[in-house]
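Working notes for the structure below.
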Amino acid sequence: MITGIFGGTFDPPHNGHVSALKEFIKRCGTDRVFVIPTGVPPHKNAGMTSDKDRLEMVLLAFENVPQAKICDYEIKKGGKSYTVNTLLWLAEKFPDDSFVLYTGSDMFLSLHTWHKAEKILSLCSVAAFTRTGDDIPALEKQSEFLREKYGAKTDVYEFEPDIISSTKIREMIETGKDFRSYVPHSVAEYIENKGLYGYKNYGLKTLLRQRLSEKRYLHSLGVAKTARMLAEKNGADPEKAEIAGLLHDVTKNLGPSEQIDFCKENGIPLTTDDLLSPQVIHAVTGAWYIKNVIGIDDEEIISAARYHTTGKKGINLLEKIIYVSDLVEPTRNYPDVEYYRDLAVKDLDRALFEAMRWIIEDKKKKGENIHKDTLEMFDEYTKNGFR
Ligand SMILES: [Fe+2]
Ligand SMILES: [Fe+2]
């Protein structure tokens, strides 16, 4: 029996994997293929999808490929996976099989550097699949080298898989882009149901993508990420922080006069002070939009968006987090940003106070109106000893 070996992190498995596997079966004439999700070393686990979820997705992704047998050996074993150990285990379990290992170009070109490469090459033959075809000379050269040095059995195949990667798909989900056509339907459903790769706020992100410029959209993602981090640090609710961060500028696509029209149309009251500080109005309309259009009725989220530009007397923790995150998120690049970024992580109140002081001074210099809410907040902080 010819048994193929098809490993990967599969985080998540996608259509490129499925077509590569089918091609592998066809070209190498394998009777069956073990699809083996790799175990992940504990120190690399941060940000990585759990073994259980990856295994479930692999089961779904290859369910329509009859020759595919999903093998949880490396996941069960845990820790860093060495191909040689998996091969030794397989060879013992199926002594009459001849094994063929699937590799992409990069892996094939570095094969001689793998742990116990010689042993690996004595246990299986290797099928190298190139995506582009332009590295065929390099692959042939490597083939020859492996044959001469280790007596390896190797073959090079050219085929065109779907040009997509797991990294790209994670990025698409994270940023609210439509990823569904790149993964098997059942995998997309699994990701959605489990809220993997940041899918849980996917709908909000899609909405923001439609409403905001690319720059402001990325700013909003940055605020959400920073807000989540600051919430975790300061004992606020990270989920709420993330949502408030995403949505704080949801109506900022409207220009100054459109902001005022929006308020008139929807009966949103504005104070004289609001009208004198026009940049404040998008926070007023944003809070209204979150509540009345998106339908989020969490007062903390609404209020964090409402006061993200001015702050206010008696500002609460989530409001502080959004106020500060807005100023220090990763896409901000004004001269002192690094200073405020560090300070935000070390001491949220101090960062808020210093940022507010700087904003007030800047407005004074420019002769702009300083909103009453900001002045009252500043007063309160100075009364509490901030200098
Ligand atoms: Fe804003
Ligand atoms: Fe903002």
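Bear in mind that the values here come from a model prediction, so they are computed numbers and not experimental data. Note that ligands are numbered from 1 as they come in the structure, with each ligand's atoms numbered from 1 the same way.
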Q: Side-chain contact test, heavy atoms from C-beta onward, threshold under 4.5 Å: evaluate it for H14 versus K168 and give yes or no.
A: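 Sidechains of K168 and H14: no contact.
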
(Q) Could you go through W358 and Y334, starting from their C-alpha distance and side-chain angles, then the distance that decides it, and tell me whether this counts as ring pair (Phe, Tyr, Trp, His ring centres under 6.0 Å)? (A) CA-CA 13 Å; W358 163 59; Y334 52 88; 5.2 Å; yes

Q) So, Y202 versus Y199, ring centres under 6.0 angstrom or not? A)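 Yes, they do, as the ring centres are separated by less than 6.0 Å.
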
Q. Among side-chain atoms of N253 and H282, is any donor-acceptor pair under 3.5 angstrom?
A.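 Not at all, the side chains of N253 and H282 share no donor-acceptor pair under 3.5 Å.
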
Q. Counting backbone and side chain alike, does H308 bring an N/O/S atom below 2.8 Å of the Fe ion (ligand 2)?
A.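 Coordinating: no.
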
Q. Please state the angle at the Fe ion (ligand 2) spanned by OD1 of D326 and OD2 of D249: what is it, rounded to 10 degrees?
A.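 Between OD1 of D326 and OD2 of D249, the angle at the Fe ion (ligand 2) is about 170°.
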
Q.
Quick check: of its N, O or S atoms, which one does H219 have closest to the Fe ion (ligand 2)?
A.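 Considering only N, O and S atoms, H219 comes nearest to the Fe ion (ligand 2) through NE2.
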
